[in-house]
There are 2 protein chains.
Amino acid sequence: MSRPVASADIFQAIADPTRRAILDQLRSGEQPVKQLAEPFEMSLPAISQHLQILCNAGLVSQQKSGRQRLYRLNPVPLQQVSEWVARYEPFWQQKLDALGDYLEENP
Amino acid sequence: MSRPVASADIFQAIADPTRRAILDQLRSGEQPVKQLAEPFEMSLPAISQHLQILCNAGLVSQQKSGRQRLYRLNPVPLQQVSEWVARYEPFWQQKLDALGDYLEENP
DNA sequence: CAATTAGTTAAGCATTCGCTTAAATTATTT
DNA sequence: AAATAATTTAAGCGAATGCTTAACTAATTG
C-alpha cells in the first residue's frame, strides 16, 4: 500500500514546514490546489499528499467546485496545540521576569 | 551514522508524544534521567536520545550533579509555537461563534 | 581497588516520511 | 467525441525517525 495514511495527530501534522505554510496561506481564504502549490518548488502530488495529511488531522476540509477542489482552513484542532503550549506560559514568564530582574541589578 | 541528529526545529521536537510527556513532566522541576524515564516503557537510551533532541531544540538544559545529570525545562522556544498558533485564534473564534449562532437559531 | 550506579555512544533495524514520476480519474472545453 | 485541465492514486526511493541491545565513560560506594 502507498501512504498518506492518517497521521491524524495534530502535532505531527504541523511539524512539517510546508504544511504550516499551507495553513498560513489558507488563512486568506479557501483555495484550489494549484494555487496553494504555487509558492512551493515541489510537485503537485507532493502538495496533494500534504493536503491529505492536513485533512486527516482535521485541519482542512475540501469541497468540489467544478474540476477543482477548494481547500478551506479548519483551525479548531489547533486549539489542542494552543492549550498544550499555554501550560508553559507561566514558565517562560518566570524566565523572562528573572532575566528582567538580572538586567535591572546589572545595568 | 545513527545519531539523534539535531532537528533543532521546535515543531519537530514537540511532534513526538514521548518528548511532550517529558516536557510535561519537567514542569514539576528538574529531574535526573532515570526519574524522567520511569513513566515510559522504553529503554533508557531511547529517553536519552529524546532528551538530546529536546536539548538541541533548546527546550531543556542539563547540569551535572554527581553521577546524575539533571535536566531542566527551558520553555522559551515554545513561544515560537505559541506565536504561530495565536495567529489562528481569530479564526477558531469565528468558527465557534458561527456554531453558537447556529445552536441559538436551532435549539 | 573492584563493584555498582547513572548515563551516553554506537551500531543496527524496521518503519515512516517527504518526495518523485507515471498513470488514472473526473470535469470542462472545443 | 477528442483534447485539455485539475487533481489524485500508485509505486518506488533515499533519508530520517524511533527504537533496541551492547559497549563505553564517569562518578560513587563498599
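Note that these values count all heavy atoms, side chains included, but never hydrogens, waters or copies made by symmetry. Quick note on labels: first sequence line is chain A, next is B, and so on, each numbered from 1.
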Whole-Å distance between [N] [atom2] and [X] [atom1]?
{"X": "B:D9", "N": "C:dG18", "atom1": "CG", "atom2": "P", "result": "12 Å"}
{"X": "A:L51", "N": "C:dC19", "atom1": "CG", "atom2": "C1'", "result": "15 Å"}
{"X": "A:I22", "N": "D:dT7", "atom1": "CD1", "atom2": "C1'", "result": "14 Å"}
{"X": "B:L44", "N": "D:dT20", "atom1": "CG", "atom2": "P", "result": "10 Å"}
{"X": "B:Q31", "N": "C:dA6", "atom1": "CD", "atom2": "C1'", "result": "15 Å"}
{"X": "A:Q12", "N": "D:dT17", "atom1": "CD", "atom2": "P", "result": "10 Å"}
{"X": "B:F40", "N": "C:dG7", "atom1": "CZ", "atom2": "P", "result": "15 Å"}
{"X": "A:M42", "N": "C:dG18", "atom1": "CE", "atom2": "P", "result": "10 Å"}

Indicate the atoms forming the closest heavy-atom contact of B:Q25 with B:P39, along with that distance. OE1-CG, 3.5 Å
Remember a base hit wins even if backbone is also touched, and classify B:Q35 as base, sugar-phosphate or nothing at under 4.0 Å, heavy atoms. nothing
Once you apply a heavy-atom cut-off of 4.0 Å, does B:P32 come out as touching a base, just sugar-phosphate, or nothing? sugar-phosphate
Contact nearer the 5' end of DNA chain C, comparing A:D16 with A:R67: A:D16
If the cut-off is 4.0 Å, is [X] near the phosphate of [N], judged by side-chain N/O to OP1 or OP2?
{"X": "B:S43", "N": "D:dT20", "result": "yes"}
{"X": "B:H50", "N": "D:dC19", "result": "yes"}
{"X": "A:K64", "N": "C:dA27", "result": "yes"}
{"X": "A:Q52", "N": "D:dT7", "result": "no"}
{"X": "B:R69", "N": "D:dA27", "result": "no"}
{"X": "A:S48", "N": "D:dT8", "result": "yes"}
{"X": "B:Y71", "N": "C:dA6", "result": "no"}
{"X": "B:Q68", "N": "D:dT28", "result": "no"}

Taking the minimum atom-to-atom distance to the side chain of B:K34, which one of D:dT8, D:dG18, C:dG7 wins? C:dG7
From D:dA22, C:dC19, D:dT17, pick the nucleotide closest to the side chain of B:P45? D:dA22
Report yes or no: does [X] contribute a side-chain atom to a donor-acceptor pair with the main-chain N or O of [Y] at less than 3.5 Å?
{"X": "B:N74", "Y": "B:L59", "result": "no"}
{"X": "B:R69", "Y": "B:P32", "result": "no"}
{"X": "B:R72", "Y": "B:S61", "result": "no"}
{"X": "A:Q68", "Y": "A:G66", "result": "no"}
{"X": "A:Y71", "Y": "A:Q63", "result": "no"}

A:Q49 (side chain) and C:dT20 (base): donor-acceptor pair under 3.5 Å: yes
